[in-house]
J.: 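Supplied in structure tokens, the structure appears directly below.
Just so it is clear: chains get the letters A, B, ... in the order the sequence lines come, proteins before strands, and each one is counted from 1. Note that the structure is a prediction, hence the values are computed from the model and not measured.
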Amino acid sequence: MKLDELGNLRRTNLSTQITPKLAGKEVVVMGRVGDARDLGGIKFFILSDIAGAVQITAPKAKTDKKLLAKIDELTKESSVAVKGKVVAAKQAPRGVEVLPLEIRVLNLASTPLPLDPRGRVKANLDTRLDARGLDLRRSESLAIFKIRHQALQAIREHLLSQDFIEVQTPKIVATATESGAALFPVSYFDREAFLSQSPQLYKEVLTGAFERVFEVGPIFRAEEHDTPRHLNEATSIDIEVAYATADDVMDILEELVYRAFNEVKKKCAEELKVLGHKLEVPKKPFPRLTYDEALKRLERAGLKVPWGEDLPTPAEKKLGELVGGAYFVVDWPTAIKPFYILPKKDNPKLCAAFDLMFKGLELASGGTRVHQKELLVKQLKQKGLNPESFESHLKNMMAVPPHAGWGLGLDRLTMVLTGVDNVRECVLFPRDRKRLTP
RNA sequence: GCCCUGGUGGUGUAGCCCGGUCUAACAUGCAGGCCUGUCGAGCCUGCGCCUCGGGUUCAAAUCCCGGCCAGGGCGCCA
């Protein structure tokens, strides 16, 4: 079938703006073809757009033959423009429908579709991700990304209201920033470079100039993890604040997460309903338990973690059961946190680091940073890192003020807000150990 | 990387334990037909599937081994 041109035809109304009040008016709607029905003497199809849907109705006796033939050619999920007359009709969905005067078939979907976009037959996640463009048209997928968008908007608004400046740091870098996570090498002309695993060092440098900065951007981790909560490309919300300590930025984080929950609950009621998720806003203040207390509570629950070790996944899950909701774990052993975290003055075995957990899932981590060059070099060495490879950063860190910050995983936050249990569902086109396409 | 579970039409499942009755079932889909008010429409006709390789056996979707792929649990990591 030959496709039609969009030409200078433009949409006059979104589907949901077509109401019985517009009866008699001529409108142009554009969208994708949903359910189609041919009752012999009358044909219907649903046209869906980002706002919702409207029914296009073509009674055989009153509709041009060529138009009727065109409707027969339409396949589900094809892209169409319909110019037509609005008619109030009791029998129609929402009491209104459009009688077509002109139909432009802008693109035709091939059949059969790789999955059912109406979701009556559930598809596996793998199938869905292979056909992600189509999968994203499902109401559940749409709901997830509307919630993600709403959460990010709430977060941005909050940070901007607190005088933060939004920045963008390089994603192609020369050195690692964290001690642990592996890096993806990229070829940079005749040199080796890496994809950035965190904006850490850059945002710290920027506190010297802008004082309060935040960035929303991709981070890349070359870890071979294969779990429902890890990705090799993730979106991180990072902040860094001059003249502040861990406690100060925890307060910011708490308020910001609280607002994200509240805004989503308020503005995404429909989306939460689609997902069948009852969102509970965590109570403020979020509990703050120390690493030592966490270990004690775990031991009482029959799960012993040796002091000085990071919490293994089962321990995180158990702690999530014990504490529930959103909570901080603070005062971590210095040895298991990165070199840029400030050790505690009264007990250098502990440092001013914190993790924000939601149930068993780590959403964010941060801390008071080391702003003095000598200590930074000392800690680099202690972690077995070579200060020379951080030379350009150290030079740029000249006389930065004392500062603190955190990084929050937007994908994981979206999991919690939507109640979805695989992070892949919260990312448009996820990158994991095995998936590099689409 | 390790452990567990699985892989059946386009999609989602049943069948597998206990081999033959499977010419593989159901739903959805797709193609065509009937119907002037459908809205998860209904009815009729048709289409389409056992992950790959090897083995056991008279006989394999079914049992065994290996590969590949997926889901979950870990590890690593945020």
Side-chain angles (χ1 to χ4, degrees), chain A residues 34-46 53-63 68 72-73 75-77 87 89-97 99 109-131 134-135 138 177-183 197-198 200 218-238 309-317 336-338 353-358 360-366 406-413 415 421-424 432-435:
Chain A
D35 276 329
R37 221 151 274 146
D38 184 346
L39 272 64
I42 185 164
K43 292 177 197 292
F44 306 98
F45 70 89
I46 300 296
V54 65
Q55 177 165 281
I56 311 297
T57 302
K60 211 175 212 170
K62 295 188 207 160
T63 311
L68 290 170
D72 286 338
E73 301 270 348
T75 52
K76 286 194 176 83
E77 295 303 319
V87 174
K90 272 204 302 285
Q91 314 96 308
R94 297 193 293 108
V96 67
E97 59 194 6
L99 304 192
S110 56
T111 58
L113 294 169
L115 52 81
D116 171 17
R118 252 134 276 128
R120 282 168 207 154
V121 179
K122 294 262 175 284
N124 290 325
L125 183 57
D126 194 46
T127 307
R128 289 174 41 205
L129 291 176
D130 280 340
L134 189 59
D135 177 61
R138 295 169 51 251
T177 50
E178 314 276 338
S179 40
L183 295 155
Q197 60 186 184
S198 152
Q200 186 60 35
I219 56 171
F220 306 91
R221 309 271 162 111
E223 295 296 332
E224 300 204 356
H225 34 46
D226 188 10
T227 83
R229 57 194 179 279
H230 289 90
L231 289 172
N232 295 292
E233 178 176 352
T235 301
S236 178
I237 301 167
D238 269 87
E309 284 187 16
D310 206 349
L311 300 183
T313 307
E316 284 186 331
K317 286 181 181 170
I336 55 171
K337 285 291 175 185
F354 61 85
D355 282 2
L356 172 66
M357 307 292 296
F358 191 89
L361 189 67
E362 183 181 334
L363 292 184
S365 64
W406 44 252
L408 165 68
L410 178 59
D411 316 303
R412 285 190 174 181
L413 179 65
M415 287 174 77
D421 52 20
N422 192 317
V423 71
R424 277 155 256 249
D432 62 35
R433 180 70 187 85
K434 290 170 187 159
R435 183 176 287 278

J.: Heavy atoms only, 4.0 Å cut-off, all strands: where does A:Leu311 land among base, sugar-phosphate and nothing?
T.: nothing
J.: For a quick check of understanding: with a heavy-atom distance under 4.0 Å over all strands, which category does A:Lys60 fall into, base, sugar-phosphate or nothing?
T.: nothing
J.: If I pick the P atom on B:G46 and the same atom on B:G7, what distance separates them, to the nearest angstrom?
T.: 30 Å
J.: Do A:Glu97 and B:G37 have a side chain to base donor-acceptor pair shorter than 3.5 Å?
T.: yes
J.: Nearest to the A:Pro93 side chain among B:U38, B:G29, B:U36, which nucleotide is it?
T.: B:U38
J.: Does a side-chain N or O from A:Thr227 land closer than 4.0 Å to OP1 or OP2 of B:G75, or not?
T.: no
J.: Name the closest nucleotide to the A:Asp116 side chain, picking from B:G73, B:U13, B:U28.
T.: B:U28
J.: Quick check: do A:Leu231 and A:Arg424 have side-chain heavy atoms less than 4.5 Å from each other?
T.: yes
J.: Considering only side-chain heavy atoms of A:Ala123, which listed nucleotide, B:A78, B:G12, B:G10, is closest?
T.: B:G12
J.: Does the pair A:Asp38 and A:Lys60 meet the rule for a salt bridge (Lys or Arg N to Asp or Glu O under 4.0 Å), with working shown?
T.: CA-CA 10 Å; A:Asp38 184 346; A:Lys60 211 175 212 170; 5.9 Å; no
J.: Say you pick atom C1' in B:A59 and the same atom in B:C22; how far apart are they, in whole Å?
T.: 13 Å
J.: Verify, without hydrogens or angle tests, whether A:Glu223 (side chain) and A:Ala182 (backbone) share a donor-acceptor contact under 3.5 angstrom.
T.: yes
J.: Using modelled atom types and a 3.5 Å cut-off, is there a donor and acceptor pairing between side-chain atoms of A:Asp411 and backbone atoms of A:Val423?
T.: no
J.: B:C30, B:G40, B:A78: which one has an atom nearest the side-chain heavy atoms of A:Thr111?
T.: B:C30
J.: Side chain of A:Arg37, heavy atoms from C-beta onward: which of B:G40, B:U36, B:U28 has the nearest atom to it?
T.: B:G40
J.: When you get a sec, tell me which of B:A78, B:U38, B:C30 is the closest nucleotide to the side chain of A:Gln55?
T.: B:U38
J.: Just to be sure I understand the rule, does A:Ala92 reach a base, reach only the sugar-phosphate, or reach nothing, if contact means heavy atoms closer than 4.0 Å?
T.: base
J.: Taking the C1' atom of each, how far is B:C68 from B:U51, in whole Å?
T.: 8 Å
J.: What nucleotide among B:U36, B:G72, B:A70 has an atom nearest to a side-chain atom of A:Ala61?
T.: B:U36
J.: Nearest to the side chain of A:Asp226 - B:A78, B:U36, B:C74?
T.: B:C74
J.: Between A:Arg435 and A:Ile42, who's closer to the 5' end of RNA chain B by nearest nucleotide?
T.: A:Ile42
J.: Just wondering, do A:Leu311 and A:Glu362 contact through their side chains at under 4.5 Å, heavy atoms?
T.: no
J.: Could you give the distance separating B:U62 and B:C16 at their C1' atoms, to the nearest angstrom?
T.: 4 Å
J.: For A:Asp310, which contact category applies under a 4.0 Å heavy-atom criterion: base, sugar-phosphate, or nothing?
T.: nothing
J.: Base, sugar-phosphate alone, or nothing: which one does A:Lys317 contact when heavy atoms must sit under 4.0 Å apart?
T.: sugar-phosphate
J.: Do any side-chain nitrogens or oxygens of A:Arg120 fall under 4.0 Å of OP1 or OP2 in B:U28?
T.: no
J.: With C1' as the reference atom in both, quote the distance from B:C35 to B:C44 in angstrom, rounded to an integer.
T.: 12 Å
J.: Give the nucleotide from the list B:G10, B:A78, B:G75 with an atom nearest to the side chain of A:Pro314.
T.: B:G75
J.: Both A:Thr75 and A:Leu115 contact RNA chain B. Which one's nearest nucleotide lies toward the 5' end?
T.: A:Leu115
J.: Side-chain N or O of A:Asn124 versus OP1/OP2 of B:G12: is the shortest distance under 4.0 Å?
T.: yes
J.: With sugar-phosphate meaning primed atoms plus P, OP1 and OP2, does A:Lys434 contact a base, only sugar-phosphate, or nothing at under 4.0 Å between heavy atoms?
T.: sugar-phosphate
J.: Could you check whether any side-chain heavy atom of A:Lys43 comes within less than 4.5 Å of a side-chain heavy atom of A:Thr63, counting everything from C-beta outward?
T.: no
J.: Under 4.0 Å between any heavy atoms, over every strand shown, what does A:Arg412 touch: base, sugar-phosphate, or nothing? Just pick one.
T.: sugar-phosphate
J.: Under 4.0 Å, counting only non-hydrogen atoms across every strand here, what does A:Glu316 touch: a base, just sugar-phosphate, or nothing?
T.: nothing
J.: Would you mind telling me which of B:G75, B:G12, B:G72 lies closest to the side-chain atoms of A:Asn422?
T.: B:G72
J.: How far does the C1' atom of B:G12 sit from the matching atom of B:C30, given to the nearest Å?
T.: 16 Å
J.: Think A:Thr313 has a side-chain N or O under 4.0 angstrom from the OP1 or OP2 of B:G75?
T.: yes
J.: What is the nucleic acid contact for A:Pro114, judged by heavy atoms within less than 4.0 Å: base, sugar-phosphate only, or nothing?
T.: sugar-phosphate
J.: Checking the side chain of A:Thr75 only, and the main-chain atoms of A:Ser110 only, is there a donor and an acceptor separated by less than 3.5 Å?
T.: no
J.: Using OP1 and OP2 only, check whether a side-chain N or O of A:Lys122 sits under 4.0 Å from B:A27.
T.: no
